[in-house]
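Quick note on labels: first sequence line is chain A, next is B, and so on, each numbered from 1.
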Protein chains: 2
Amino acid sequence: MEKELTIQEVAQVTGLSEYTLRYYERIGLLDPVDRANSGHRRYRAADLDWLQFLVYLRAMGMSIRQMQECAELKRGGDATRRERLAFLEEHRVRVQEQMRKMVEYLAYIDKKIDHLQESLAGDDLPEPAEKPHLVNSFFS
Amino acid sequence: MEKELTIQEVAQVTGLSEYTLRYYERIGLLDPVDRANSGHRRYRAADLDWLQFLVYLRAMGMSIRQMQECAELKRGGDATRRERLAFLEEHRVRVQEQMRKMVEYLAYIDKKIDHLQESLAGDDLPEPAEKPHLVNSFFS
DNA sequence: CCTTGACTTAGAGTGTGCTCCAAGTTGTAT
DNA sequence: ATACAACTTGGAGCACACTCTAAGTCAAGG
């Protein structure tokens with residue numbers, strides 16, 4: 001018999017709140033979850049896998065709307081494999097481009113950190129003859 | 001004489017909308033911008049530099065609230081250099097950690113892409129004796 | 001003088017992604 | 001039996017970051 005988890009347990013495992021789990025189901029990101037006789041949700045391993053996938057997509061910056069498309073493709077079964085492949089590949093490209101930019105921005109931040117460190121180190125030395133006037137002190 | 005730019009020009013240069021430029025000023029991300037006699041904004045080079053900095057921070061996922069703190073530190077002048085350094089270094093750490101995770105997620109996505117490609121390639125071959133039942137077709 | 005267009009302000013509205021509430025039901029422990 | 005906790009639902013509320021509107025001002029061109 002497959003172990004089925006309560007919403008509370010799934011919240012702990014996935015890091016999503018119970019609110020969010022119900023919300024995701026409501027908006028069709030998950031297919032309707034099994035219910036106990038009481039009506040309480042009982043999540044299966046497959047639900048957990050899918051949720052983990054969603055969590056990763058979300059963490060990579062994918063919008064809820066796109067994840068809904070993704071869920072729709074999943075519902076389409078094997079017939080949508082090509083589309084799903086294209087979907088993931090496009091996502092991959094977007095994420096990589098984003099990371100490329102991040103590296104660029106990080107270099108920019110590093111430059112500022114360096115300038116600030118130099119500025120602070122300079123304070124221990126005798127006063128320089130003339131301090132250059134700095135338009136923007138974050139940029140010095 | 002320093003060239004001063006209109007809000008329209010700054011919007012083009014920074015990629016921010018005129019709405020957003022006014023908004024950023026309203027909430028204190030920019031110090032009040034110079035005005036022409038007409039009351040129209042006239043942005044200086046220093047304003048542009050600062051805006052570019054903000055755009056980068058934003059693109060790196062920093063919240064408006066944190067950028068406001070940052071603007072506050074800038075207003076504090078030299079006295080806040082140490083804090084600003086700490087601020088940037090913390091930001092740097094956060095961004096790096098985020099990128100580390102992204103690499104991890106990307107590897108996960110790549111695995112799914114591979115599986116889908118294999119699945120599609122397999123369609124050209126004669127039917128396998130038994131197809132394994134796949135709980136989650138995105139994960140096959 | 002009159003129109004046009006680029007601007008100004010304060011404040012309202014929007015989209016996203018949750019997050020919470022109220023009212024009710026069920027399961028377990030005492 | 002009764003208390004209590006864990007759930008259920010539909011729908012309301014919220015934080016964030018814009019985005020837009022309305023009403024008005026100003027400068028230049030015809």
Side-chain angles (χ1 to χ4, degrees), chain A residues 3-44 47-48 50-72 91 94 98, chain B residues 3-44 47-48 50-72 91 94 98:
Chain A
K3 173 93 203 288
E4 296 193 315
L5 300 181
T6 66
I7 193 167
Q8 191 180 206
E9 290 164 331
V10 174
Q12 288 210 333
V13 172
T14 60
L16 298 170
S17 73
E18 299 182 21
Y19 295 138
T20 303
L21 286 169
R22 295 195 195 96
Y23 169 66
Y24 277 12
E25 190 175 336
R26 239 192 310 191
I27 66 174
L29 285 184
L30 279 80
D31 293 334
V33 173
D34 280 359
R35 303 305 168 114
N37 290 334
S38 61
H40 294 189
R41 288 172 178 79
R42 291 292 177 265
Y43 292 82
R44 303 165 148 277
D47 296 321
L48 283 183
W50 177 248
L51 275 169
Q52 192 57 67
F53 181 52
L54 291 179
V55 166
Y56 282 155
L57 290 183
R58 196 81 194 87
M60 284 188 274
M62 185 177 287
S63 70
I64 294 284
R65 197 168 296 248
Q66 277 197 301
M67 299 199 313
Q68 282 173 319
E69 280 178 45
C70 189
E72 196 48 56
H91 176 62
R94 279 193 302 271
Q98 191 194 327
Chain B
K3 173 94 201 288
E4 297 193 317
L5 300 182
T6 66
I7 193 166
Q8 190 180 206
E9 290 164 332
V10 175
Q12 288 211 330
V13 171
T14 60
L16 299 170
S17 72
E18 299 182 22
Y19 295 139
T20 303
L21 286 169
R22 295 194 195 97
Y23 169 66
Y24 277 11
E25 189 176 338
R26 239 193 311 190
I27 66 174
L29 285 183
L30 280 80
D31 294 335
V33 173
D34 281 358
R35 303 304 169 115
N37 290 336
S38 60
H40 293 190
R41 287 173 179 77
R42 292 290 177 265
Y43 292 82
R44 303 165 147 278
D47 297 321
L48 282 183
W50 178 248
L51 276 170
Q52 191 58 66
F53 181 53
L54 292 180
V55 166
Y56 282 154
L57 290 183
R58 196 81 195 87
M60 283 189 275
M62 184 176 288
S63 70
I64 294 283
R65 198 168 296 248
Q66 277 198 302
M67 298 200 313
Q68 282 174 318
E69 280 177 45
C70 189
E72 196 49 55
H91 175 62
R94 279 193 301 272
Q98 192 195 327

Could you check which of [options] has an atom nearest any side-chain atom of [X]?
| X | options | value |
| --- | --- | --- |
| R58(B) | dC20(D), dC18(D), dG27(C) | dC18(D) |
| Y19(A) | dT8(D), dC7(C), dT19(C) | dT19(C) |
| S63(B) | dA17(D), dT8(D), dG17(C) | dA17(D) |
| T20(B) | dT8(C), dC20(C), dC18(D) | dC18(D) |

Over how many whole Å does the gap from [X] atom [atom1] to [N] atom [atom2] extend?
| X | N | atom1 | atom2 | value |
| --- | --- | --- | --- | --- |
| L16(B) | dA17(D) | CG | C1' | 12 Å |
| R35(B) | dC7(C) | CZ | C1' | 10 Å |
| I27(B) | dC16(D) | CD1 | P | 11 Å |
| E25(B) | dA17(D) | CD | P | 19 Å |
| L21(A) | dC18(C) | CG | C1' | 12 Å |
| E9(B) | dG5(C) | CD | C1' | 15 Å |
| R26(B) | dA12(C) | CZ | C1' | 10 Å |
| Y23(B) | dA15(D) | OH | C1' | 11 Å |

DNA chain C: 5'-proximal contact among N37(A) and S17(A) (nearest heavy atom): S17(A)
For the student: nearest non-hydrogen atoms of R44(A) and D34(A), plus distance: NE-OD2, 2.7 Å
Does the side chain of [X] get closer than 4.0 angstrom to OP1 or OP2 of [N] through an N or O atom?
| X | N | answer |
| --- | --- | --- |
| R65(B) | dA15(D) | no |
| T6(A) | dC7(D) | yes |
| Y24(A) | dC18(C) | yes |
| R42(A) | dT8(D) | no |
| R41(A) | dT8(D) | yes |

Comparing H40(B) and I64(B) on DNA chain D - which has the more 5′ nearest nucleotide: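 Upstream on the strand: I64(B).
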Test item: R58(B) side-chain N/O and M62(B) main-chain N/O as donor-acceptor pair under 3.5 Å: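 Judged by distance alone, yes, a pair lies under 3.5 Å.
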E9(B) side-chain N/O to T6(B) backbone N/O, donor-acceptor pair under 3.5 Å: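 Answer holds: yes.
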Rounded distance (nearest 0.5 Å) linking atom OH of Y43(B) with atom CG of L51(B):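 Separation between the atoms: 7.0 Å.
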Sugar-phosphate, base or nothing in reach of R22(A), heavy atoms under 4.0 Å: base
Ionic contact status for E69(A) with R65(A), cut-off 4.0 Å: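 No, no charged N to carboxylate O under 4.0 Å.
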